[in-house]
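Notes follow the structure.
Proteins get letters first, then strands, A, B, ... in listed order; numbering begins at 1 in each.
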Number of protein chains: 2
Amino acid sequence: MPRTAEGRSTPTLPDVARAAGVSTATAARALGGYGSVRPETRRKVQAAAADLGYRANGLARSLITGSTDTIGVVLADIENSFFARALRGIADTAHAAGFEVVLVNSDEDLDNERNAVRVLTEKRVDGLVVCPADARDISHLRTVHDAGIPLVLLDRRVPRLAADVVGIDNHAAAQEATAHLIAAGHTRVALLTGGDPSLAAALQVPDLVGVERLAATTVGTRAAGYRDALLAAGLPVDPVLVSVEGFHRADAAAATHRLLGLPEPPTAILALDSLLALGVLQALRERGLTCPDDLSVIGFDDAEWALVSSPPLTVVAQPVYEIGAEACRLLLRRMHGGAHRAVRKVLPTSLIVRGSVGAPARTRRSPASG
Amino acid sequence: MPRTAEGRSTPTLPDVARAAGVSTATAARALGGYGSVRPETRRKVQAAAADLGYRANGLARSLITGSTDTIGVVLADIENSFFARALRGIADTAHAAGFEVVLVNSDEDLDNERNAVRVLTEKRVDGLVVCPADARDISHLRTVHDAGIPLVLLDRRVPRLAADVVGIDNHAAAQEATAHLIAAGHTRVALLTGGDPSLAAALQVPDLVGVERLAATTVGTRAAGYRDALLAAGLPVDPVLVSVEGFHRADAAAATHRLLGLPEPPTAILALDSLLALGVLQALRERGLTCPDDLSVIGFDDAEWALVSSPPLTVVAQPVYEIGAEACRLLLRRMHGGAHRAVRKVLPTSLIVRGSVGAPARTRRSPASG
DNA sequence: AACGGGTTTGAGAACGTTCTCATCTATTTG
DNA sequence: CAAATAGATGAGAACGTTCTCAAACCCGTT
C-alpha cells in the first residue's frame, strides 16, 4: 500500500467522506461532478479533499465506468520524424477530446507489435491506432477488431481487415515523383525502398510484376507506382536498381554506394522516406559527388532539413500531422458512434520541386572516375 | 459493458474458471503465473481461456497489486528531435523492464504540465519523468514528490526540489562552444536562446549578471556559460546580441534576420538547440549569405541532418538517448529501491567541429551590402 | 493405520471507485 | 391540506482481479 513520507496511506474516498461528514456516495458525487449535490455540501467535500491531499484513483474509476480515456498507439519508431509528427497529430487530437496516449515502438517487428497490442488491450485502452509492421500476419489485429475494440490503421493498409485506414495514395505519389525524374531526362532511376530484406524476393521479380500485392503495403504500392511510371515512359524496369537494404540511414548510404558502383549506375534515385534520402545525400558527400550534377534525388516526406541541405531536396510531401490527426478523429468517432462501415481516408500529397533534380550527366561513365 | 460482435460480454476470470471446472482463485493462479498449480490444471485453464478469448483486465489487477507497470513522461514536444530521441531512450529502458509509457506534450506550458501530472498520477503511473517547463512554479512537482511518487527530472534542474535529475553540464558546454568561436577570431558572438519572451527581462540585464539563476535553467545556465566565455576573453557582453524570441524554427530565422540587420551585426552565432540552428541556416539562405563566410554557426545537439547541411554544422553533441535511458534507470531504481538521496547525473558533451565555423569576414560592414 | 510436511485448491475478503435504488426533505401543485 | 414532484442523500452492490487463510489432498515415513 502506497504511503507518504509521513507514513499515512494515501487517502481514499471514504476518508474524504468521513472528514466531510457525508457518505462515500455523496463525496463521490461532489468530486466527480455527476449526480446532484447541494452547493454547500460540495464545498465541504472539496475542502476535505484538498485538506487530505486526495487524488482520485483512476483505476477504480475505469474499472467501473468501463473506459480509461486512453488510446494506445503502436508505431515503428518515434525517433523517425514521420512517426513523431504523426504521433503529435494523434496526441493533440486525443488530448483535445480528453484522452491520453500510451505509446509503443514496434521497430517494424511483428512480435513487438503483437505484444504491444496484447498489453495495451489488457490495460483496457479505449481504442488503438496501429501502423502495422507486416500485412502478412494480422491475426492479432483481427482479434482486436473482432473483440469490438476500436482500431484505426495508420499509413498502411491491410487486406481483408475491415478497419479504418488513413494514408495517402502511395501509387500515385511514387508515380508522380518517378515521372518527374523521367521528364528531367533520366532513364536509369533507382528506387530505395527501405524494405526489410525479407521483401527482396518479391521486389526482385522481373518488371516488378504483382508487387502491389506485397506485404508491407506502403513499399509495395510505391514500388508499383515507380514501375508504372517507367513502363508508361517505355523504359525498362531493372531489378538491379531496386534496393531493399533496410530502413536506417546507414543502410541507405550503403545502398547508394552500391548503386553508384554499378557498371551502369543510375542517374537519379527515389528514396521512400526522409531518412533514406538523408543517407543518399550523405553517401554523395562521402564520394565527393554533388547533387544534382552527379545524381538527382527525390525523397518522401518534407523533412525539416529539406530546405537547408545542399541542394534543397525535392520531395513528395505528405500531410503527416494531418494523417495522425485524422486517424485519431476516426478512432474517436468509432469509439462514440455505432459500428458504421470501415472508412478509407486518402489524404493528398504534393511534389515540392527544389534543387535536387537536374538533367542527367553524361551517362555510361562511372562517376567514380569523374 | 463491452460486448463482442456476437453479443457476448467479454469473458472474465469466473467465466474461464467455470469452463475449466475450477475456482476463480485457481484459474487466476494458472494464468497469472503465481502460486502453485498442477500442470494438468494449468493446461485445462489455459485451454479454456484461449477458447473463450479471455483477456485479463489490467485495471482490476493494478487496483489490487498497486502497480500499473506504466510510467508517465511529460515532455515539451515530441516533434522536437531532442525529445523524440530522449523518449526513445526512456521507452527502450522502460520496456526492457516491463513498463509501458504514457506520453504527454506540455508545449513548454505550465498549465499543460500541471494538468498532465495530475492526470498521470490519477491514472496511477508507477513513476514520472518530467522535463519541467518552468522552474519558477513547481508546486505540482513538489506534491508528486511529497506523495512518494518516484520522479526524475530530465534535462532541467529545479532548485529546492530533492528529485533525481539527468542532464549535461550546460554551463561548460556553452562556454566551450563560445570559446571555440572566440578562438576563431570572433568578437561579436550572438546567442539564440529560444527562450520564452517572459525571460527577456532576465536576459537583458547588463553583462547577463545573475542569469544562472534564471527560471528555465537550461537557458539560464547556458547563457551564463556564454557570458563567462566572453568575459574570460575580455570581450564585452552586448544584450543586443542575445535573442529571446521563441523556440520555433521561424522564430530563429526571424531573430537571425534581426541580428544581421544590426548596425554592428554579429559574425558568429550560438544556437541553443538544433531547430534554432536550422532557422539560422534558413535565414542565411533567404539572405543569399553563406556560412561560415558571412556568419559562423554552432548549434546544440547533433541533429541527423548536421552532416548534410552546407556546410556541415559544428555542434555541441549531447548523449540525448542516454539522457533518457539514464533518467528511466534512475526512476526504476527509485521505484524498486528505498528512498536514497537525490541523484544528480551529469553526462558528458562534446564539441563536434565541422565546417560551419570560420574566421570572421571584414567586420564593420553590413553583410547585406556585400 | 496414523502421522507429518508439502503441494494444490477453494471460499471469501479486499482494492477504491461508480451505480442502483430506496429514503428523506423541501417545494410546488391541485 | 393532501399529494405529487424534484432534489439531495445514504446503504450497499458491482467492477474483475489478487490476496489471505484454511481445508483437502498426496506421498512417504513411523
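- For B/Tyr54 and D/dT17, the shortest distance from a side-chain N or O to OP1 or OP2 is below 4.0 Å.
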Inset, instruction - Apply the test side chain to side chain contact (heavy atoms under 4.5 Å, CB included) to residues B/Asn112 and B/Asn105: give CA-CA distance (whole Å), side-chain angles for both, the deciding distance (0.1 Å), then the verdict. - result: CA-CA 8 Å; B/Asn112 289 344; B/Asn105 298 114; over 6 Å; no

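- One finds no side-chain N or O of B/Thr12 lying less than 4.0 angstrom from the OP1 or OP2 phosphate oxygen of D/dC15.
- Contact between the side-chain N/O atoms of A/Arg38 and the OP1/OP2 oxygens of D/dT9 is found at a separation under 4.0 Å.
- Listed candidates were D/dT17, C/dG16, D/dA14. Nearest to the side chain of A/Ile64 is D/dA14.
- Side-chain atoms of A/Ser23 and A/Thr26 include a donor-acceptor pair closer than 3.5 Å.
- For A/Val37, counting side-chain heavy atoms from C-beta on, the closest listed nucleotide (C/dT18, C/dG16, D/dT9) is D/dT9.
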Inset, instruction - Could you please spell out the steps behind the side chain to side chain contact (heavy atoms under 4.5 Å, CB included) verdict for A/Ile71 and A/Val125? - result: CA-CA 5 Å; A/Ile71 70 172; A/Val125 294; 5.6 Å; no

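- Between B/Thr41 and C/dT9 there is a side-chain N or O to OP1 or OP2 distance below 4.0 Å.
- With A/Thr121 contributing its side chain and A/Arg124 its backbone, the two residues share no donor-acceptor pair below 3.5 Å.
- Side chain B/Arg55 to base D/dG16: no donor-acceptor pair is found below 3.5 Å.
- Distances shorter than 4.0 Å separate none of the side-chain N or O atoms of B/Ser23 from OP1 or OP2 on C/dA11.
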